[in-house]
Protein chains: 2
Amino acid sequence: MSTTSTPSANRDKVLATALILFTRKGYFNTSMRDITRESGVSTGSIYHYFRDKEGVALALYQSLIARMQEEFSAIMRRHDSTHDQCRAVVALLFRITESEPEVMTFMLYVKHREFLPEERPVCSSAPFEQMRAMVQRGMERGEIVHCDVLVASTCLFGGAIRMITSRLDGIVEQPLAHYLDDVWACSWRAVAAN
Amino acid sequence: MSTTSTPSANRDKVLATALILFTRKGYFNTSMRDITRESGVSTGSIYHYFRDKEGVALALYQSLIARMQEEFSAIMRRHDSTHDQCRAVVALLFRITESEPEVMTFMLYVKHREFLPEERPVCSSAPFEQMRAMVQRGMERGEIVHCDVLVASTCLFGGAIRMITSRLDGIVEQPLAHYLDDVWACSWRAVAAN
DNA sequence: TTGACTAGAACGATCGTTCGATCTATTTTG
DNA sequence: CAAAATAGATCGAACGATCGTTCTAGTCAA
């Protein structure tokens, strides 16, 4: 099967399937046989593209991190003030949570340490550092109250991020867009300079 | 029947060992053999006290939830205003994070759904509902700005909770007590009525 | 004697991974 | 240009390791 249209079509199929299964059932509850069955790609092919099961998870993780990093960079280019940048970040995260919940689940809600022991925690990945950089700059500009950068960015984004995990948990019933204005009002008030 | 339990020392030893191993290596990376080796309790004894591996995790989870529920109830009894209650909650969580990081890790940072599929998510467990109840009451009293209760409690505690997970991740280097005042200032400002 | 508890060898299932065979498309050779 | 050679993909049966759990036997207190 799978008349190779592009050489790496199967590679992408494996990654897409892994994202679904890893987020739905968890990494350890997903066997390689599950991935071959759901993706239609044979064991041999998977091991041709990836070193092992961990390699699949790693490739997935890095591709999602990279994507997020690009989107954040675009936001930083598009908006000037820290206020607008950070609000755009929250809006983006809310949007992705609704349209691609698996992506958000894998980024925020999966405990990577358990199956990617080499990898640093998500919180120290590039996108999170970009968020801290925005806050840092906002502090220098006087937009954000002067205090520890870690504290400020944690408080600024903490509410929104917990809102996302609550939504992924099914605690929040309405689409996140419905809460965006309220959440942002609270979040910004927490760190606004005046 | 059910005589007042003089709970077997071995049962507690298993739970204590499981807490350490589950949080250090993860549930799926911890084998029953690991638990027998580290606890010194034989396989047969473990299966005498617990139905299966999941039963160990479940007992652990429920005991920690119950303990937290009690501590929160004590806080609600001890303090009057919502402001003081919620601040005491954050202070307590920060304190536990430092003195018993495994407890906090297991409560906040472990993805229970993967090995306790029957259990509801942490966010809808009793302690989290207590937190929401405090906020609700604060809103009725006029201490907290009137908006969706879920939004308010998420924003009020979101920063602190993310601070905890960051600390558990090793991103935050100072003991959490060092940040308590700043974090609480931000958190309360996010939802304070005036 | 009974029943709660301890012990650890053994079992069956399942897992991640390997391996040799086969197919296909591209490149090299005669 | 045709044929042969090479390299990249694909496939799935089979392997060895490890897992959670069971089972039988034994201990000890009441």
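Note on naming: letters A, B, ... go to the chains in the order of the sequence lines (proteins, then strands), and numbering restarts at 1 for each one.
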In whole angstrom, what separates A:Asp52's CG from C:dT17's C1'?
9 Å
Going by heavy atoms in the side chains, are B:Met32 and B:Thr43 under 4.5 Å from each other?
no
Side chains of A:His83 and A:Trp188, heavy atoms from C-beta outward: is any pair under 4.5 Å?
yes
Taken to the nearest whole Å, CZ/A:Phe50 to C1'/C:dT18 is 18 Å
Listed in order of residue number, which residues of residues 31-46 of chain B have a non-hydrogen atom at under 4.0 Å from DNA chain C?
B:Arg33, B:Ser42, B:Thr43, B:Gly44, B:Ser45
Is the shortest side-chain N/O distance from B:Tyr47 to OP1 or OP2 of C:dT6 below 4.0 Å?
no
When you compare the side chain of B:Leu168 with that of B:Met104, does any pair of heavy atoms fall below 4.5 Å?
yes
Has A:Asn10 got a side-chain N or O lying under 4.0 Å from the OP1 or OP2 atom of D:dT10?
yes
What residues from residues 17-25 of chain B pass a heavy-atom cutoff of under 4.0 Å to DNA chain D?
none
Would you mind listing every side chain to side chain donor-acceptor pair (under 3.5 Å) that reaches into residues 119-130 of chain A, with sequence neighbours excluded?
A:Ser73-A:Gln130
When rounded to the nearest 0.5 angstrom, what distance separates NZ in B:Lys111 from OH in A:Tyr109?
6.5 Å
Sort and list the pairs that fulfil salt bridge (Lys or Arg N to Asp or Glu O under 4.0 Å) and have at least one residue in residues 48-59 of chain B, not counting sequence neighbours.
none
Judged by each residue's nearest nucleotide on DNA chain C, which is more toward the 5′ side, B:Tyr49 or A:Phe28?
B:Tyr49
Would you mind reporting whether B:Trp184 and B:Leu156 have side-chain heavy atoms less than 4.5 Å apart?
yes
Rounded to the nearest angstrom, tell me the gap between atom CG in A:Asn29 and atom P in C:dT14.
14 Å
Applying side chain to side chain donor-acceptor pair (under 3.5 Å) as the test, list every pair that has at least one member in residues 158-168 of chain B; sequence neighbours left out.
B:Glu98-B:Arg167
Within this structure, what is the CD-to-P distance between B:Glu54 and D:dC19, rounded to whole angstrom?
18 Å
In short, salt bridge (Lys or Arg N to Asp or Glu O under 4.0 Å) pairs touching residues 58-87 of chain B with sequence neighbours left out are B:Arg67-B:Glu71, B:Arg67-B:Glu100, B:Arg87-B:Asp181
OP1 or OP2 of D:dA9 less than 4.0 angstrom from a side-chain nitrogen or oxygen of A:His48, does that happen here?
yes
